[in-house]
Each structure stands twice: as structure tokens, then as C-alpha cells.
There are 2 protein chains.
Amino acid sequence: MAWELSAQRPIWSQLVEQIQLRIVTGRYPAGSRLPSVRELAADASVNPNTMQRALSQLEADGLVCSQRTSGRFVTEQEETIMELKKTLAKNLVRDFLTRIEALGYTAKEAAQLLEAEDAAQFRTKEDA
Amino acid sequence: MAWELSAQRPIWSQLVEQIQLRIVTGRYPAGSRLPSVRELAADASVNPNTMQRALSQLEADGLVCSQRTSGRFVTEQEETIMELKKTLAKNLVRDFLTRIEALGYTAKEAAQLLEAEDAAQFRTKEDA
DNA sequence: ATCATTGTATTAAGCTCTTAGTACAACAGT
DNA sequence: ACTGTTGTACTAAGAGCTTAATACAATGAT
């Protein structure tokens, strides 16, 4: 999955989310070394300062730690990562429920919409 | 539902979404007169210019129309409103599916998470 | 006719975000 | 010892968002 950045929100914030995603999905495994700030920035077509800001945030959250001159590493505590994954999922679900109910749908109807959309995506993939 | 504004995204954009919500849920019925720009701005604790920008966007989308000096009115075409509701719901579902799958969950697991969270919310409401 | 209210427009200031460019100390590899 | 890479820090500029403060023409109510 490449970097997907929108101008509608702070880029550094989107970078935080997408690096989190790469960590919880194992693309950046626990304890592994991250690409350098400059490398990540170039890959995302973003200024190094912006990437640095995102990484500082991740470091403040305890998800990565920097070794000053040898690079930056993902935390070795796999439990922290699993917990993050659960939190992200729970927030996603909670936000979705809040929004869909604000629109006037019940949770049951939301589940039906979800099934319908999933089936539609499945068909699209099959056709491809 | 009061105005819920975050500093993380452009306020005018959030105002657009929340006014859309008030329209599709019938709080601002089709054909009805909206509060004045200044009134809405004061209610949302926002600068009139910011509210004006949101309303201009809604007008460009054909959801409201202004009568220059007598006020602004919700479109009378209820079909437009119903269509917006469906579109908003579909986008919500699609985005949720995309994000939850990016986290590593299948659509089925997502549905289970949804049920679990809904049950949790139900319990919370019962306790209150 | 008068006056308040309507949408709309304009200018200025302050803020955050982003980019660009530069710089420095600490370490690894040679 | 030297060189390149590392994270980190700083300044400057430009863009967008928000607020503040006005201003104006058109209309409705009185």
C-alpha cells in the first residue's frame, strides 16, 4: 500500500496513521529498523520536516524509538502493538456507529448496509 | 445535537457536514427557512464568514438556495435530500470497510466488532 | 418613509501547516 | 582518520483557515 495523502488534513497526522497501520499489520515488524527520515520522506513525496514531525509523534506515543545515529526502530513490545490495533479498530467501529446512527440508521440497518457493500466489493473484485 | 467542531479539520467543512446532517434528518425540513448566517454563526460560536463559507458550499451543491434578503431555504426537492442521505451512508460504509480491512480485519470480523460495540453501547445507555 | 435584518463582500491580522534550505553532533563502515 | 548517514534543529517563505471589523444593496416590518 502506497502513501495516500489528502490536502484536507495535516499531512503529518495522516503519516502518523499510515505508519501506525504499517506497524500493526506487520509491514514494519516489532523491533525492526525503520527507513531513515529522509528515505521515508522521499518515498512519501513529503518534506523531511513533515515526516520528522510524524515520527516524533509516534515516538511520543511509545510506538517507535530513535537511536540518534543508527536509525529508528519499532518498539519490541508486541503487546503495545496489539493493543494499538485493538484501539484503532474499536475507534473505527465506534465512530462508524456514531455517524451512521446520526444519519438516522439503526445498528441493525448499518450491519445490512455493511453486508451489501461488502458483497458489492466482492463482485467488483471478481469481475476484475 | 449541538455543534461539534474540531480544530483538526477546516471548520467550514465540518459545518457543511453537520448542516447536511440536519437536513437529511429533517431537523431542517425541505423548503424550510434556515436561521440567518449571523444566527447560525453565533449558535456555533463561529465567525459569520466561516458559516457563510459553509453555506456557500451547500448552495453550490444545490442543497440550499438564498433569497438575497429574505433568508436561505432548504431545497424543496425531497428526492435530492434522500439521495444525499443514501450517498452519505454509502460513503460511511465504504470508508469504514476500507479502513477496517486495512487494519487486517475481514468484513465478517468487522460485523462482529460492530455487534459487540453496539451491545456495549446499549448496556451503557441502560446503565445511565 | 424608516429601520432592522438579510446575504454578501472586503481588508487585515494571526495562526498552523508545509516546503526549502541549511546546519550540527554522533555514530558506522571503510 | 575519513566519509557518509543518522536524528535533530533552525530560519524563512508561502499557502490556507479563522477571526475581527466594516460596509453595502435589497427586502420586510412597522
Side-chain angles (χ1 to χ4, degrees), chain A residues 2-20 22-23 28-76, chain B residues 2-20 22-23 28-76:
Chain A
W3 302 97
E4 289 181 10
L5 301 174
S6 150
Q8 309 304 314
R9 268 187 321 151
I11 293 182
W12 67 266
S13 170
Q14 302 178 53
L15 293 174
V16 166
E17 297 172 5
Q18 298 195 21
I19 296 174
Q20 281 180 334
R22 292 180 177 209
I23 292 177
Y28 294 154
S32 70
R33 184 180 177 281
L34 289 175
S36 74
V37 179
R38 294 167 178 81
E39 209 171 332
L40 283 169
D43 189 43
S45 301
V46 147
N47 191 278
N49 295 333
T50 307
M51 184 60 74
Q52 167 74 14
R53 175 156 187 183
L55 292 169
S56 297
Q57 181 62 47
L58 289 168
E59 192 158 358
D61 295 344
L63 205 60
V64 308
C65 57
S66 68
Q67 304 276 316
R68 199 67 178 77
T69 66
S70 64
R72 229 188 219 92
F73 297 84
V74 179
T75 178
E76 294 181 354
Chain B
W3 301 96
E4 289 181 10
L5 301 175
S6 150
Q8 310 302 315
R9 268 188 320 152
I11 294 184
W12 67 266
S13 170
Q14 303 178 53
L15 292 173
V16 166
E17 296 171 6
Q18 299 195 21
I19 296 174
Q20 280 181 334
R22 292 180 177 209
I23 291 178
Y28 294 154
S32 69
R33 185 181 177 279
L34 288 175
S36 75
V37 179
R38 294 167 177 83
E39 208 171 332
L40 283 170
D43 189 44
S45 302
V46 147
N47 191 278
N49 295 334
T50 306
M51 183 59 75
Q52 167 74 16
R53 176 156 186 184
L55 292 170
S56 297
Q57 181 62 50
L58 289 169
E59 191 158 357
D61 296 343
L63 205 60
V64 307
C65 58
S66 67
Q67 305 277 316
R68 200 63 178 80
T69 65
S70 64
R72 227 187 220 94
F73 297 83
V74 179
T75 178
E76 294 181 355

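All chains are named by letter (A, B, ...) in the order of the sequence lines, taking the proteins before the strands, and each is independently numbered beginning at 1.
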**OP:** Write out all pairs satisfying side-chain hydrogen bond (donor to acceptor under 3.5 Å, both in side chains) with one or both partners inside residues 57-71 of chain A, taking only residues at least two apart or from two chains.
**Re:** A:Gln57-A:Asp61, A:Glu59-A:Ser66
Subject >> Any residue meeting side chain to side chain donor-acceptor pair (under 3.5 Å) with A:Arg33, in chain and number order, not counting sequence neighbours >> reply: none
Original post:
Roughly how far apart are B:Glu4 CD and B:Glu17 CD, rounded to 0.5 Å?
Top reply: 12.0 Å
Original post:
Considering only heavy atoms, which members of residues 45-56 of chain A lie under 4.0 Å from some atom of DNA chain C?
Top reply: A:Val46, A:Asn47, A:Asn49, A:Thr50, A:Arg53
Original post:
Can you list, by residue number, the residues of residues 59-71 of chain B that have a non-hydrogen atom closer than 4.0 angstrom to DNA chain D?
Top reply: B:Thr69
**OP:** Please round to the nearest 0.5 Å and tell me the distance separating atom CG of A:Leu58 and atom CG of A:Leu15.
**Re:** 9.0 Å
Original post:
Which pair of non-hydrogen atoms, one from A:Arg22 and one from A:Ala2, has the smallest distance, and what is that distance?
Top reply: NH2-C, 4.0 Å
Original post:
With a 4.5 Å limit on heavy-atom distance, are the side chains of A:Ile23 and A:Thr75 in contact?
Top reply: no
Original post:
When you measure from every atom of DNA chain C, which of residues 31-43 of chain B have a heavy atom less than 4.0 Å away?
Top reply: B:Arg33, B:Ser36, B:Val37, B:Arg38
Subject >> Partners meeting salt bridge (Lys or Arg N to Asp or Glu O under 4.0 Å) with B:Glu76 (sequence neighbours left out) >> reply: none
Subject >> Atom pair CZ/CG of B:Arg72 and B:Leu63 - distance to nearest 0.5 Å >> reply: 12.0 Å
Original post:
Nearest-Å distance, CZ (A:Arg72) to P (C:dA26)?
Top reply: 18 Å
**OP:** Please report the closest heavy-atom contact between B:Pro10 and A:Gln8, naming both atoms and the distance.
**Re:** CD-O, 3.6 Å
Original post:
Could you state the CG-P distance from A:Leu5 to C:dC17, rounded to the nearest angstrom?
Top reply: 15 Å
Subject >> Nearest heavy-atom neighbours spanning B:Trp12 and B:Ala54 >> reply: O-CB, 3.5 Å
